[in-house]
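The chain is numbered in sequence order, starting from 1.
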Amino acid sequence: MSSLPARNPHPARGYLFIAAATFFWGLSATLGRAVFTGKLFVGAQALRPIDPLILAQSRTTIALLILLPILLLKGRSSLRLRRRHLVQFFLLGILGLAASNYFYYFAIQKTSVATAIVLQYVAPVWVLLYMLARRLQRPTMRRVSGVVLAVLGCGLAVGELAAQRGFPWLAISGIRFNTPGVVAAELAAISFAFYNVYGQHLLQIYQRWTVLVYSLLGAAVFWQLVNPPWKIISQHYSGGQWLFMAIFAVTSMLVPFSLYFTGLQHLDPTRAIVTACLEPVWAILLTALILGELVSAMQVVGIVVVLSATILVQRPERKDRSEPLIAVEPIE
């Protein structure tokens with residue numbers, strides 16, 4: 001088994017790693033939007049749109065095909081694990097990585113990108129509720145406030161919440177209440193929360209490369225069963241499309257998840273997932289810069305709120321009796 005050496009968590013370092021991961025996720029969201037809308041050009045021609053399901057599947061499989069040979073060349077230490085843990089890695093890959101991607105894209109199809117992303121980023125609430133239910137954390141004012149601000153900030157940033165006169169001063173704006181889509185978005189949020197908590201469990205036993213490669217393997221196997229290779233071949237994708245999918249796999253999966261799992265070694269799941277709320281902030285800013293879409297004043301307010309939430313949860317608690325007991329139970 002590849003065990004983790006003794007380490008001292010460094011919250012600031014964890015914050016930077018996860019913030020960097022969210023930058024790449026935001027960049028990939030902008031690239032995905034460009035390819036879905038035909039705004040991505042290869043030479044003088046626009047790249048033919050790629051189905052979201054294929055994009056989700058290819059980024060997982062290609063990332064695995066890139067990472068696995070690298071780890072084999074470096075040695076087999078990152079690939080060693082106990083057989084009884086293989087099922088747990090597959091659960092992380094299927095119920096975490098694959099499920100969050102699938103339900104997120106399904107929610108986009110049934111509702112809208114903005115609706116899906118704001119509902120998915122209710123995930124910090126699910127993580128906090130789990131940690132409180134398991135008594136792994138205490139409900140400090142700072143932690144609860146950070147989660148609430150992160151969710152509200154995401155709602156403002158993606159334009160789903162708008163200011164109004166009178167209490168409660170905020171109103172839902174533009175959400176399309178398609179029942180299957182809303183349910184799918186919440187399942188994406190739960191899956192997102194799951195791989196934060198369960199991923200940190202596995203990081204207590206294995207190094208991050210082991211966790212990443214086997215969770216990618218689980219997700220890739222799942223996708224092959226859902227959408228077999230011959231269905232992909234029948235689409236006759238061009239060389240430019242395959243090149244985009246390879247780049248997309250690196251920028252949306254391999255690099256950000258490597259950074260994210262590194263950050264999870266330094267932060268508890270609540271702090272990690274609240275910091276992950278920077279993703280829609282980056283997506284909005286990069287979409288404005290690259291695709292020329294305007295950012296409204298309310299979106300700027302949302303960005304400021306999310307940044308405030310991430311800073312709030314990074315501040316250390318006072319070392320007294322009210323300090324939450326941050327502990328993650330190892331998987332036996």
Distance, nearest 0.5 Å, that separates NE2 of H201 from CG of L264: 11.5 Å
Same cluster (ILVMFWY, side-chain, under 4.5 Å), I247 and W282: no
Close side-chain approach of V250 to I66, heavy-atom, < 4.5 Å: yes
Single-linkage hydrophobic cluster W242~L254, side-chain heavy atoms < 4.5 angstrom: yes
L243 with M253, same ILVMFWY side-chain cluster at under 4.5 Å: no
Pair F261 + Y206: ring centers closer than 6.0 Å: no
All side chain to side chain donor-acceptor pair (under 3.5 Å) counterparts of Y260, not counting sequence neighbours: N196
Spacing of CG belonging to L71 relative to CD belonging to Q207, to within rounding of 0.5 Å: 8.0 Å
Where L216 and T60 come nearest, the two heavy atoms and their spacing: O-CG2, 3.7 Å
Separation of I273 CD1 from I18 CD1 (nearest 0.5 Å): 9.5 Å
F257 and its ring pair (Phe, Tyr, Trp, His ring centres under 6.0 Å) partner, picked from F17, F24, W25: W25
Min side-chain heavy-atom separation I190-F103 under 4.5 Å: no
Full working for side-chain contact (heavy atoms from CB on, under 4.5 Å) between R271 and Y15: CA-CA 8 Å; R271 287 184 176 184; Y15 169 77; over 6 Å; no
Sidechain-backbone polar pair: Q241 side chain, S238 backbone, donor-acceptor under 3.5 Å: yes
Rounded distance (nearest 0.5 Å) linking atom NZ of K74 with atom CG of L72: 11.5 Å
H266 (side chain) donor-acceptor with H10 (main chain) under 3.5 angstrom: yes
Full working for side-chain contact (heavy atoms from CB on, under 4.5 Å) between V213 and W209: CA-CA 6 Å; V213 73; W209 298 118; over 6 Å; no
Trace of the side-chain contact (heavy atoms from CB on, under 4.5 Å) decision for I94 with L91: CA-CA 5 Å; I94 297 171; L91 285 176; over 6 Å; no
Side-chain donor or acceptor of S191 paired with backbone N/O of L95 under 3.5 Å: yes
P256 vs T22 side-chain heavy atoms within contact, under 4.5 Å: no
Q57 side-chain N/O to N227 backbone N/O, donor-acceptor pair under 3.5 Å: yes
Non-hydrogen atoms of G26 and L286 that approach each other most closely: C-CD1, 3.8 Å
Minimum heavy-atom distance G199-L92, with the two atoms named: N-CD1, 3.9 Å
Sidechain-backbone polar pair: T61 side chain, S58 backbone, donor-acceptor under 3.5 Å: no
CZ-CG distance between F194 and L97, expressed to the nearest 0.5 angstrom: 9.5 Å
Closest heavy-atom pair and its distance - A219, A98: CB-CB, 4.0 Å
Distance (rounded to the nearest 0.5 Å) between L27 CG and L285 CG: 12.5 Å
Residue list, side chain to side chain donor-acceptor pair (under 3.5 Å) with Y237, at least two apart or on another chain: none
Least distance between heavy atoms, A193 atom then V127 atom: CB-CG2, 3.4 Å
Path from L65 to Y214 over hydrophobic side-chain contacts below 4.5 Å: no
Donor-acceptor pair, side chain of H85 and main chain of Q88, under 3.5 angstrom: no
Validation row: M245, R59 side chains within 4.5 angstrom (heavy atoms): no
Close side-chain approach of L68 and L79, heavy atoms under 4.5 Å: yes
Nearest heavy atoms of L212 and S258, plus distance in Å: CD2-OG, 3.2 Å
Residues forming a ring-ring contact (aromatic ring centres under 6.0 Å, His included) with F248, sequence neighbours excluded: F244
